[in-house]
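Have a look at the structure below before the remarks.
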Protein chains: 2
Amino acid sequence: MTGKRITIRDVARSAGVSYQTVSRALNDKGEIDVSTKQRVLDTARELGYRPSRFARGLVRQDSTSIGLVIPNLLNPYFTEVASGALDAARKRDWHVVVYDTADDAGQEQSTLSMVGSQVDAVIGYFSQPDAVIDQYTSGMPVVQIGREDVTGRFGSIQVDGEDGVHAAIAHLAAGGRRRIGMLDYDYDEPSSRYQWYAEAMRERRLTGCVMPAAQSIEGGQRAMAAMLEAHPDLDAILTYNDVIAIGAMFQARLLGRRVPADMAVIGFDGLAIGNMVEPPLSSVRIDTRQVGAVAIDQVGQLLAGQRPEVAVIRAELMLRGSA
Amino acid sequence: MTGKRITIRDVARSAGVSYQTVSRALNDKGEIDVSTKQRVLDTARELGYRPSRFARGLVRQDSTSIGLVIPNLLNPYFTEVASGALDAARKRDWHVVVYDTADDAGQEQSTLSMVGSQVDAVIGYFSQPDAVIDQYTSGMPVVQIGREDVTGRFGSIQVDGEDGVHAAIAHLAAGGRRRIGMLDYDYDEPSSRYQWYAEAMRERRLTGCVMPAAQSIEGGQRAMAAMLEAHPDLDAILTYNDVIAIGAMFQARLLGRRVPADMAVIGFDGLAIGNMVEPPLSSVRIDTRQVGAVAIDQVGQLLAGQRPEVAVIRAELMLRGSA
DNA sequence: TTGAAAGCGATACCAC
DNA sequence: GTGGTATCGCTTTCAA
């Protein structure tokens, strides 16, 4: 691709020394004549020599790198998680190779197929069945985040928002909200976030209503529009995540609702961007950077030969201004 | 670290074949008996065998990976650039190793020192002097983004917002704004974005005023508060970037200004989050994902042996609602 | 179909 | 100080 590779031997030949000497010069070992070293370094530079990271890695058995597979880096939730993971990885001197699958199953597959040969372990949000993932990553440590059904093969990080959602509903009810809806995600089955909502509503003998939403601002807008069309008396809304909530809030205001006076909005995730909107978004908050950090920890354990386990991160109600 | 490594020979011994046969089985080559293959695959799995990516990479001289060094992944500007880079890299089947230096010079140095042995080229936002970067990356292709003074050693991507800023000032002036200020960044020297602003103001014989701001929402808030304290008659503000603008807009409203009626706000970058705030943020827009894509292109050229060049991305005024 | 042997590019432990 | 040699783990001819 980039022409013929310049090896350590080329440098040696050109500098008139053996290639072991070149290695010494390059790695700043002691036992070498200063002038020889300089000469070698100079010729190496002239020739544009660059050591092969593979050859080097082969002999020095250190250096760990982790693949981080994310559906969409532009979604701030994933960015926050990634940020936490990068931070935790740095502390261990690990390298993180990031892949954005653009919410696309095909790209997820192709990523899976190429990631295996590049990294020592994988962390990711996957939509493929476990069997498929296992097939592509055979033997390699894998940590899945946010997947709700867990097999024993992979490390796993779950979010437990049950108490947080109950607290959210309690808060809304205490504020006199009568008609509390939910914008869930738009997959085949209802999310566990919806389950928590449904149960909390049931406990309080409230009737809810739900609408699926694509996970984007626009998705939230559309879903909110549909929701208000179906239920004009809605006075509070809980959403699958903050991105949807922001869209929903925006749409509610477009349709003449004041937030929070006419319409209370509570998201899920507790992202930093929730502070940028007006009013600041209340949310069931996940410690997103912690999620990334715990994922790295789990990888560390798997790499050390321990068996996969499930970590649970609790999410808690955080009130800002929208409810 | 993780105990003794299981090699291809271990698998071979255990399966009662030569190690070349194991290789065949693993790589799905044709010339092998189906039952043998299955047996090998099974024992490999049992033993928990995982091929060494280094040994494999050494032999198959393909696979390129790029280091992407970013000051702060939580800043949406960098996220957008990263997203563009990841996308472009995927099209070439390149791997991207991402490093977040947390706006910290020390972390930038340590990143620089570890990145060299892991990747084939580097893209990044650096604050270190070119000489330092050169030292750590000797010989390796490097593309710098956004650095304003350019040496010949590195590829470079510049943003040209001159016309965009002039258009912004023109727009504000046409709207009857009299007192147009700027919130610049808070480094030693004024940014070129400020220069463009100053020149545009001069051309129109308008007197401006400037205030430094830290690159965060809070930084924008503080700077806007200080600015309004010093110049209560301000009726428009241009900012170094969108993040600052969002903070500034928020603060302006806290201090009783209506946006855009009393105070027009124009940011710089044109980030997607500008659409989430109320009113949507007008901005001098950079095609951020394009920046990432062009960086990858430049790396491609450097890797192919071409000499470094400077790419210029033009930024243009994009009106949304805040001005 | 399978096994033997030759590298890939670099490091490390020896002698010299 | 410097060079020889083994070695890292794997893929790929080339014989058998």
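In the text below, chain A, chain B and the rest are named by the order of the sequence lines, each starting its count at 1.
At a threshold of 4.0 angstrom between heavy atoms, the contacts of B/Tyr19 include nucleobase atoms, whether or not backbone atoms are also involved. Contact annotation for B/Lys29: backbone-only contact, meaning every heavy-atom pair under 4.0 Å involves sugar-phosphate atoms and none involves a base. Among the atoms of the strands shown, only primed sugar atoms or phosphate atoms (P, OP1, OP2) are found under 4.0 Å from some heavy atom of B/Thr7.
The distance between atom CD1 of A/Ile8 and atom P of D/dG3, rounded to the nearest whole Å, is 12 Å. In this entry the distance linking CG of A/Asp28 with P of C/dT11 reads 12 Å, nearest Å. Distance CG (B/Leu58) to P (C/dC8): 9 Å, rounded to an integer number of Å. Whole-Å rounding puts the B/Asp33 CG to C/dT1 P distance at 7 Å. As a whole-Å value, the separation of A/Ile6 CD1 from C/dC8 C1' is 16 Å. Atoms CZ (B/Arg60) and C1' (D/dC10) sit 9 Å apart, rounded to a whole Å. In this structure, CG of A/Asp62 is placed 13 Å from P of D/dG9, rounded to the nearest angstrom. Between A/Gln118 atom CD and D/dC10 atom P there is a gap of 15 Å when expressed in whole angstrom units.
Judged by distance alone, with hydrogens and angles left aside, A/Gln20 brings no side-chain donor or acceptor close enough to the base of C/dA10 to form a pair under 3.5 Å. For D/dG3, its base sits under 3.5 Å from the side chain of A/Arg24 at one donor and acceptor pair at least.
The listed nucleotides are C/dT1, D/dC10, C/dG9; the one nearest the side chain of A/Arg5 is C/dG9. Distances were taken from every side-chain heavy atom of A/Pro51 (C-beta onward) to each of C/dA10, D/dT2, C/dT11; the shortest belongs to C/dA10.
At a threshold of 4.5 Å between non-hydrogen side-chain atoms, the residues A/Leu68 and A/Tyr99 do not count as touching. When side chains are defined from C-beta on, B/Arg39 does not count as touching B/Asp42, because their heavy atoms never get closer than 4.5 Å. Side-chain contact between B/Gln109 and B/Tyr136 is present, with heavy atoms from C-beta onward closer than 4.5 Å. Side-chain atoms of B/Val143 and B/Val122, non-hydrogen and from C-beta on, never get closer than 4.5 Å to each other.
Taking side-chain N and O atoms only, B/Ser52 has no distance below 4.0 Å to OP1 or OP2 of D/dG9. For C/dT11, one of the phosphate oxygens OP1 or OP2 lies less than 4.0 angstrom from a side-chain nitrogen or oxygen of A/Ser23. Put simply, B/Thr36 has no side-chain N or O that comes within less than 4.0 Å of OP1 or OP2 on C/dT1.
The residue among A/Val17 and B/Asn27 whose nearest nucleotide of DNA chain D lies closer to the 5′ end is A/Val17. Nucleotides of DNA chain C nearest to A/Arg50 and B/Thr21 differ in position, and the one nearer the 5' end is that of B/Thr21. In terms of position on DNA chain C, the residue among B/Gly16 and B/Ala55 whose nearest nucleotide sits closer to the 5' end is B/Gly16.
Counting only distance, with no hydrogens or angles, the side chain of B/Thr36 and the backbone of B/Ile32 share no donor-acceptor pair below 3.5 Å. Side chain of B/Arg90 to backbone of A/Asp100: a donor-acceptor contact under 3.5 angstrom is found.
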